[in-house]
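Below: the structure, in structure tokens.
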Amino acid sequence: MMKLRSLWIVTTLVALAAVFAVAASADSGPTDIGKSLPLSIAPAQGTLAPGQSAWYSFVVPQEYTVAQMKRDEKNGVNITPQTITLQSNDAGNPDIAHNTGFHLYDPQGGSWVMNGIIPPTLTKPNGQIVSQPAWFAEGSPTPSGSVPDGADVFLGAPKTWNGVLNSAGTYYVEVFNQSGTPMSYSLTISGPNLSLASSTPASVGASAPAAAPSTGGSAATAPMVRGASNSNIGQATPLTAAPVNVSIAPGQSAWYSFVVPQEYSVEQMKRDEKKGVDIGQQMIRLSFSNASNPDIAHNTGFYIYDPQRAAWLMSGVQPPTRRDETGMVIRDENGNRQFENAYTDVGSPDVSDVNTKKDPGSDYFLGRDKVWQGVLNSAGTYYVQVYNDSQEPLSGTLTISGPNLSLGSQ
């Protein structure tokens, strides 16, 4: 049986700038993902000037989960993959061969590009932060016949992706030309579980000049949360140096914001730690008068959203799937993809004055403030969502302190 490359195991990490450098917008031609041309059974043909890209789309109508695919493989089912192929009559030109190709975006990656959302970063065990691309797969050179050792496999070879698309939804193919010469191409797609257009896409011409990189489309309306006047992230109340009074009815939440004016990278922080620098931390504390009530103690608290995660929420974009340090999608035991938390961190009971090892059976939620303490590395606007999922009204104060904070006036 052929070895299949599924959506969840095909990914390549590249510099984030390279991802969006080809996501251009122009008045003519499908050089914007929002103007993508639907693919059909017939090849899509076009010519791209240097620096241009062209967008195409197709639909996978039915989900085919990884769990089901694995069961089918065990049962000996012959699983037919989808195939996308990009051919160019200029592929013998080394510049064309090495600097052109296509990226494949799943429904999630397509929504990131449309909404101008920066994909999440991956942090390696050594602390290095690696940018994650919005696309999940790209075409690879597929030479016909054997290739001599040391030969350039890119020269004269089409670019192909072959695998199984598990998620239902609209997918996008971005053909790009980052070479110094025009590229004429033919793009084809084949395989099962595809909903394609009935006619051939219009030919893409090279007359339009390359446009500046796009920063994404207009943001969707932020999701509403039940509550008072600041129950929407877009209506967040700026935190001040003085405590802010909090009064939240059952089932409601309230939003607050603050600004970290300067970036303090993880790399710089580690260098400072090695030098013995006393690194100041920020602290957020939620104090409430009825914390001894078990319902209040266990079912209230706060979430912190960094600038990136706040952008996801404001744009109505589903958080991205979780990936390990190699870029592979993390799934549960049933094969379902796991999503990143929309929030960055959460407040925890303040147990700084007790020895939890000596009395591990105590309920440390009762009668204690909820606290978060740490170092906020990224610059930008952060948000705090105080929530009350109990059956009782929540009243108390929210305070923030520490270095590198720009707060509202009292």
Side-chain angles (χ1 to χ4, degrees), residues 20 33-34 107-121 134 214-263 282 284-286 288 299-320 339-347 370 372 374 376-390 393-402 404-410:
F20 290 101
I33 188 172
Q108 182 184 74
S111 70
W112 289 347
V113 176
M114 287 184 178
N115 290 282
I117 301 300
I118 298 175
T121 55
S214 171
T215 57
S218 57
T221 303
M224 291 298 295
V225 182
R226 289 178 299 155
S229 60
N230 66 337
S231 60
N232 185 313
I233 187 172
Q235 301 167 334
T237 300
L239 289 174
T240 68
V244 174
N245 291 325
V246 173
S247 180
I248 304 176
Q252 293 185 338
S253 64
W255 289 86
Y256 303 88
S257 65
F258 62 93
V259 174
V260 172
Q262 294 183 328
E263 181 182 14
Q282 294 95 352
I284 300 174
R285 179 181 294 272
L286 175 64
F288 36 100
N299 297 305
T300 64
F302 65 87
Y303 297 121
I304 304 171
Y305 295 76
D306 63 14
Q308 182 184 71
R309 283 170 167 77
W312 297 343
L313 187 57
M314 288 182 176
S315 299
V317 174
Q318 185 181 33
F339 292 91
E340 295 278 355
N341 290 325
Y343 58 85
T344 309
D345 220 323
V346 61
K370 302 288 175 64
W372 174 86
L376 300 171
N377 302 103
S378 300
T381 302
Y382 288 73
Y383 294 84
V384 180
Q385 180 189 26
V386 181
Y387 63 89
N388 180 8
D389 290 338
S390 75
L394 170 68
S395 60
T397 58
L398 182 67
T399 58
I400 186 171
S401 60
N404 195 22
L405 294 174
S406 178
L407 303 175
S409 58
Q410 298 183 21

- Nearest heavy atoms of Y382 and G380, plus distance in Å: CD1-O, 3.5 Å

- Which pairs, with at least one residue in residues 234-260 and sequence neighbours excluded, count as a salt bridge (charged side-chain N to carboxylate O under 4.0 Å, His left out)? none

- Task: For A379 and P307, work out which heavy atoms get closest and say how close.
- Result: O-CG, 3.7 Å

- Message: I'd like to check the ring pair (Phe, Tyr, Trp, His ring centres under 6.0 Å) partners of Y305; sequence neighbours left out, ordered by chain and number.
- Response: W255

- Item | Backbone of T300 reached by a side-chain donor or acceptor of K370 within 3.5 Å | yes

- Query: Say you draw a straight line from OG1 of T397 to CG of L286; how long is it, rounded to the nearest 0.5 Å?
  - Reply: 7.5 Å

- Considering residues at least two apart in sequence or located in another chain, which fulfil the ring pair (Phe, Tyr, Trp, His ring centres under 6.0 Å) criterion with Y303? Y343, Y387

- Task: Flag the pair I248 / S253 as yes when at least one side-chain heavy-atom distance between them is below 4.5 Å, and no otherwise.
- Result: no

- Message: Minimum heavy-atom separation for N245 and Y256, please, with both atom names.
- Response: O-OH, 4.0 Å

- CD1 of I400 to CD1 of I284: how many Å apart, nearest 0.5 Å? 4.5 Å

- Message: Give me the atom names and distance for the closest heavy-atom approach of N388 to S390.
- Response: OD1-OG, 2.6 Å

- Query: So, Q282 side chain and L405 main chain: donor-acceptor pair closer than 3.5 Å or not?
  - Reply: no

- Message: Whether the side chain of D345 engages the backbone of I304 through a donor-acceptor N/O pair (distance < 3.5 Å, no angle test) should be reported.
- Response: no

- Tell me, do Q385 and I233 make a side-chain contact under 4.5 Å, heavy atoms counted? no

- Item | Separation between CG of N377 and CD of E263, rounded to the nearest 0.5 Å | 8.0 Å

- Note on the structure: What one should report as the nearest heavy-atom pair of T240 and G408 is CG2-O, 3.4 Å

- Item | D306 backbone acceptor or donor facing T344 side chain under 3.5 Å | yes

- Here the pair of heavy atoms bringing L407 nearest to L239 is CB-O, 3.4 Å

